[in-house]
Amino acid sequence: MSDPIVTRFAPSPTGFLHIGGGRTALFNWLLARRHGGKMLLRIEDTDRVRSTPEAIDAIIDGLKWLGLSWDGEVIYQFARAPRHKEVAEAMLANGRAYKCYATSEELEAMREAAKAAGKPMRYDGRWREKGPEDHAKAEAEGRKYVIRLKAPLDGQTTVQDLVQGTVTWDNENLDDLVLLRSDGTPTYMLAVVVDDHDMGVTHIIRGDDHLTNAARQSQIYEANGWKVPFMAHIPLIHGPDGAKLSKRHGALGVDAYRALGYLPEALRNYLVRLGWAHGDQEIFSTDEMTAVFDLKNVGRSPARFDFAKLESINGHYMRKTDDAALLEALRPVLAHVEGGAEIANALTPEKEAQWIAAMPGLKERAKTLVELIDGSRFLFATRPLAMDEKAREILAKDGKAILARLLSRLEALPVWEAAALEEAVRAEAESSGLKLGALAQPLRAALTGRATSPGIFEVLVVLGREECLGRLRDQAA
RNA sequence: GCUCCCAUCGUCUAGAGGCCUAGGACACCCGCCUCUCACGUGGGUAACAGGGGUUCGAAUCCCCUUGGGAGCGCCA
């Protein structure tokens with residue numbers, strides 16, 4: 001185990017990179033980085049019907065956004081089909097595999113029989129001991145063969161799993177799986193084993209839906225006399241209701257989280273704590289998590305996806321993010337929110353500077369970038385401002401009269417700075433015998449069109465003298 | 001159905017026989033701070049699935065039950 005660690009992330013490109021895949025990739029990436037090893041990326045595109053180039057792009061794009069980098073070139077499994085075939089034929093030659101001419105009708109009959117008997121489908125090994133004469137006869141009938149593994153009939157197969165512990169199967173429950181299809185293409189089982197072996201993968205981290213496969217794959221390793229890599233089968237992520245994660249809950253593509261306004265570092269932090277813990281620590285910088293990540297601490301029970309916690313962590317990271325950097329993170333999200341295009345168009349250098357100036361007050365009031373954009377709308381609104389219902393109520397009372405008095409005080413101000421503005425507003429409060437809040441709310445309504453916003457003196461300063469006085473006059477009338 | 005895996009607050013989890021009258025975080029409730037909303041901060045509600053063992057002692061070990069999950073293809 002002192003050899004350099006090599007992990008791999010091996011998605012099949014039949015859809016986007018979903019959140020569970022993202023976590024699997026993260027764990028592989030963390031383990032490799034923790035030990036100064038490598039994480040390889042292999043696209044399992046042997047299913048020619050379901051694999052699409054769009055999905056490949058989506059996966060690669062998703063990994064990049066999440067900040068998970070891989071080493072070396074992307075490996076495409078389909079391109080290695082000749083090598084897979086070569087291994088299958090070598091296994092045939094040394095008697096670890098055999099030709100099976102069973103037809104799909106025969107297989108279907110076996111399936112039916114198994115179902116009727118209440119047992120899982122198990123190929124019965126009818127071609128296991130057949131000789132050349134039988135093969136020739138089948139060939140003469142025009143039948144095609146697949147190559148099956150000659151799996152052990154009795155005894156047990158044990159997987160030493162770094163997360164699941166020692167898991168054992170009786171070999172009688174494992175049948176002779178197909179290695180090479182009748183069209184000469186490899187099955188997933190064969191391809192995975194050959195690729196992981198050839199790529200020098202030392203640690204396989206994947207979802208525990210592959211646990212049963214692990215047993216069958218280790219038989220393939222053994223049939224070839226290859227060392228079985230360390231394996232770690234991590235529990236799947238479930239939806240809030242405990243059922244399998246569906247699109248309805250969180251099985252969104254990683255890119256959807258970007259559109260929803262989450263920061264990649266927040267998603268990483270959330271994901272790493274799903275099924276893994278390091279004492280009571282909740283917040284992990286990337287360096288911190290790579291320094292302490294250990295498969296030993298990965299739990300064995302499935303975790304539910306919880307948006308509330310993700311939002312909380314995201315809020316934390318937004319507040320920690322530098323204002324200018326936050327603006328950059330905001331930009332790509334604009335395309336995904338209503339009115340975002342208008343904001344994007346209005347982003348002159350001056351507006352950007354204004355937005356950055358407003359950021360401190362904005363970012364502590366939002367849990368996602370989408371919320372932050374929503375809270376920023378008053379910066380981009382044009383006069384006369386549209387008032388929302390609560391703002392209207394505030395102004396409907398004696399708000400307008402208060403604004404008029406405030407207006408004259410503010411107009412008289414020689415400088416437009418927070419301290420001076422606050423002093424003026426407080427002076428008005430004092431002379432009219434009102435609490436500060438009684439003045440701040442009408443001000444807020446007139447300035448932002450809403451009942452909530454960043455601190456009112458912040459808003460005053462960020463908006464600037466002319467714009468503020470204009471908005472106040474609009475409403476004071 | 002068969003095989004395998006799992007089981008601590010609503011959720012994510014700490015806990016590797018005595019440190020546990022079970023800790024942290026999110027969510028929720030009540031305060032404080034306060035120009036609103038937040039942030040921050042103080043406090044609170046809330047869990048060892050059930051039953052048997054083993055042991056001086058069990059959330060921690062074993063068994064059973066119950067409840068979840070995954071897999072059972074010439075898909076990956």
Side-chain angles (χ1 to χ4, degrees), chain A residues 10-14 44-47 49-51 77 100 102 104 107 111 114-123 144-148 159 161 163-165 167-170 173-175 177-183 185-189 191-192 207-215 233 235-236 238 240 242-244 270 273-283 297 299-313 315-316 319 361-367 375 390 394 422 425-426 429 435-441 443-445 448 450-457:
Chain A
S12 52
T14 54
E44 310 216 312
D45 55 350
T46 53
D47 184 336
V49 178
R50 295 197 299 151
S51 298
Q77 192 162 58
C100 166
S104 51
L107 261 16
R111 221 183 307 278
K115 197 175 173 185
K119 302 210 163 180
M121 162 61 179
R122 212 113 285 172
Y123 172 69
K144 298 226 172 200
Y145 68 87
V146 298
I147 296 180
R148 285 185 184 270
V159 170
D161 193 280
V163 168
Q164 304 289 336
V167 187
T168 304
W169 290 262
D170 288 331
N173 290 320
L174 271 11
D175 65 358
L177 67 267
V178 174
L179 297 169
L180 204 69
R181 301 188 188 105
S182 55
D183 64 359
T185 61
T187 60
Y188 165 76
M189 288 291 176
V192 167
D208 71 6
D209 49 335
H210 286 285
L211 189 56
T212 312
N213 292 339
H233 289 89
L236 267 15
H238 287 188
K244 196 172 175 179
Y270 175 69
R273 281 287 290 103
L274 217 48
W276 176 83
H278 183 251
D280 283 341
Q281 189 171 351
E282 297 287 346
I283 299 296
N297 301 320
R300 284 190 272 180
S301 51
R304 299 185 190 200
F305 193 87
D306 181 11
F307 268 106
K309 186 140 187 178
L310 206 211
E311 290 203 341
S312 167
I313 291 176
H316 171 89
R319 293 191 294 277
L362 255 16
K363 67 185 179 187
E364 77 176 34
R365 288 171 172 77
K367 293 198 183 303
K390 283 178 180 165
I394 290 168
E422 179 160 0
V425 175
R426 285 191 187 277
K435 287 190 172 176
L436 185 56
L439 302 191
Q441 281 305 83
L443 257 184
R444 173 168 286 113
T448 69
R450 296 186 180 183
T452 64
S453 80
I456 196 62
F457 304 113

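By convention in this document, chain letters (A, B, ...) are assigned in the order of the sequence lines, proteins followed by strands, and residues within each chain are numbered from 1. All values below were derived from every heavy atom in this structure, side-chain atoms included, with hydrogens, water molecules and symmetry-related copies excluded.
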Give a yes or no on whether a donor-acceptor pair under 3.5 Å exists between the nucleobase atoms of B/C35, that is its base, and the side chain of A/R444.
yes

Donor-acceptor pair present, A/R365 side chain and B/U36 base, under 3.5 Å:
yes

From CG of A/N297 across to P of B/G24 the rounded distance in Å is 20 Å

Please determine if a side-chain N or O atom of A/R122 lies less than 4.0 Å away from the OP1 or OP2 oxygen of B/C72.
no

Among B/C39, B/C37, B/U3, which nucleotide has an atom closest to any side-chain atom of A/N173?
B/U3

Candidates B/G24, B/A76, B/C35 - which lies nearest the side chain of A/T187:
B/A76

Nearest-angstrom distance from the residue atom CG of A/L211 to C1' of B/C6
11 Å

Could you check which nucleotide pairs with B/U41 in any of the strands shown, counting Watson-Crick or G-U wobble with both distances under 3.5 Å?
B/G31

To the nearest Å, give me how far apart CD1 (A/I456) and C1' (B/U36) are.
9 Å

Taking the minimum atom-to-atom distance to the side chain of A/A440, which one of B/A76, B/C35, B/C74 wins?
B/C35

Side-chain contact check for A/M121: nearest option of B/A27, B/G73, B/C12 is B/G73

Quick one: A/R304 CZ to B/A70 C1', roughly how many Å, whole number?
16 Å

For B/C72, the nucleotide meeting Watson-Crick or G-U wobble distances (both under 3.5 Å) is B/G1

A/R319 side-chain proximity, nearest of B/G40, B/A76, B/U13:
B/G40

Report the relative orientation of the aromatic rings in A/H278 and A/W276; use parallel for angles under 30°, tilted for 30 to 60°, perpendicular for over 60°.
parallel

Students often get this wrong, so: under 4.0 angstrom with heavy atoms, is A/A102 touching a base, only sugar-phosphate, or nothing?
base

Phosphate contact (B/U3 OP1 or OP2) by A/T212 side-chain N/O below 4.0 Å:
no

Closest of B/A76, B/G71, B/A7 to the A/S301 side chain is B/A7

Just call it for A/V146: base, sugar-phosphate, or nothing, with non-hydrogen atoms closer than 4.0 Å on any strand.
base

For a quick check, tell me whether the side chain of A/D280 and the base of B/G23 share a donor-acceptor pair closer than 3.5 Å.
yes

Under a 3.5 Å limit on both distances, the Watson-Crick or wobble mate of B/A22 is none

Pairing check on B/A7: which nucleotide meets the Watson-Crick or G-U wobble criteria with it, both distances under 3.5 Å?
B/U66

Taking for each residue the nucleotide of RNA chain B with the nearest heavy atom, is it A/E364 or A/A303 whose nucleotide lies nearer the 5' end?
A/A303

B/C6 and B/A49, which share atom name P, separated by this distance in whole Å
15 Å

Looking only at atom C1', what distance separates B/C32 and B/C39, rounded to whole Å?
14 Å

Tell me whether the side-chain N or O atoms of A/K309 pair up with the base of B/A25 as donor and acceptor below 3.5 Å, since no angle test is needed here.
yes

Against the side chain of A/Q441, the closest entry in B/C39, B/U36, B/C74 is B/U36

Over all strands shown, is A/K367 touching base, sugar-phosphate only, or nothing at heavy-atom distances under 4.0 angstrom?
sugar-phosphate

A/D306 side chain: which of B/A76, B/G69, B/C26 is closest?
B/C26

Across the strands shown, which category fits A/S453 at heavy-atom distances under 4.0 angstrom: base, sugar-phosphate, nothing?
base

Using a cut-off of 4.0 Å on non-hydrogen atoms, how would the nucleic acid contact of A/T168 be classed: base, sugar-phosphate, or nothing?
sugar-phosphate

Regarding A/G455, tell me which of base, sugar-phosphate or nothing describes its non-hydrogen contacts under 4.0 Å with the strands shown.
base

Check every atom of B/C6, B/C26, B/C37 against the side chain of A/T452 and return the nucleotide holding the closest atom.
B/C37

Between B/C74 atom C1' and A/R148 atom CZ, what is the distance in whole Å?
8 Å

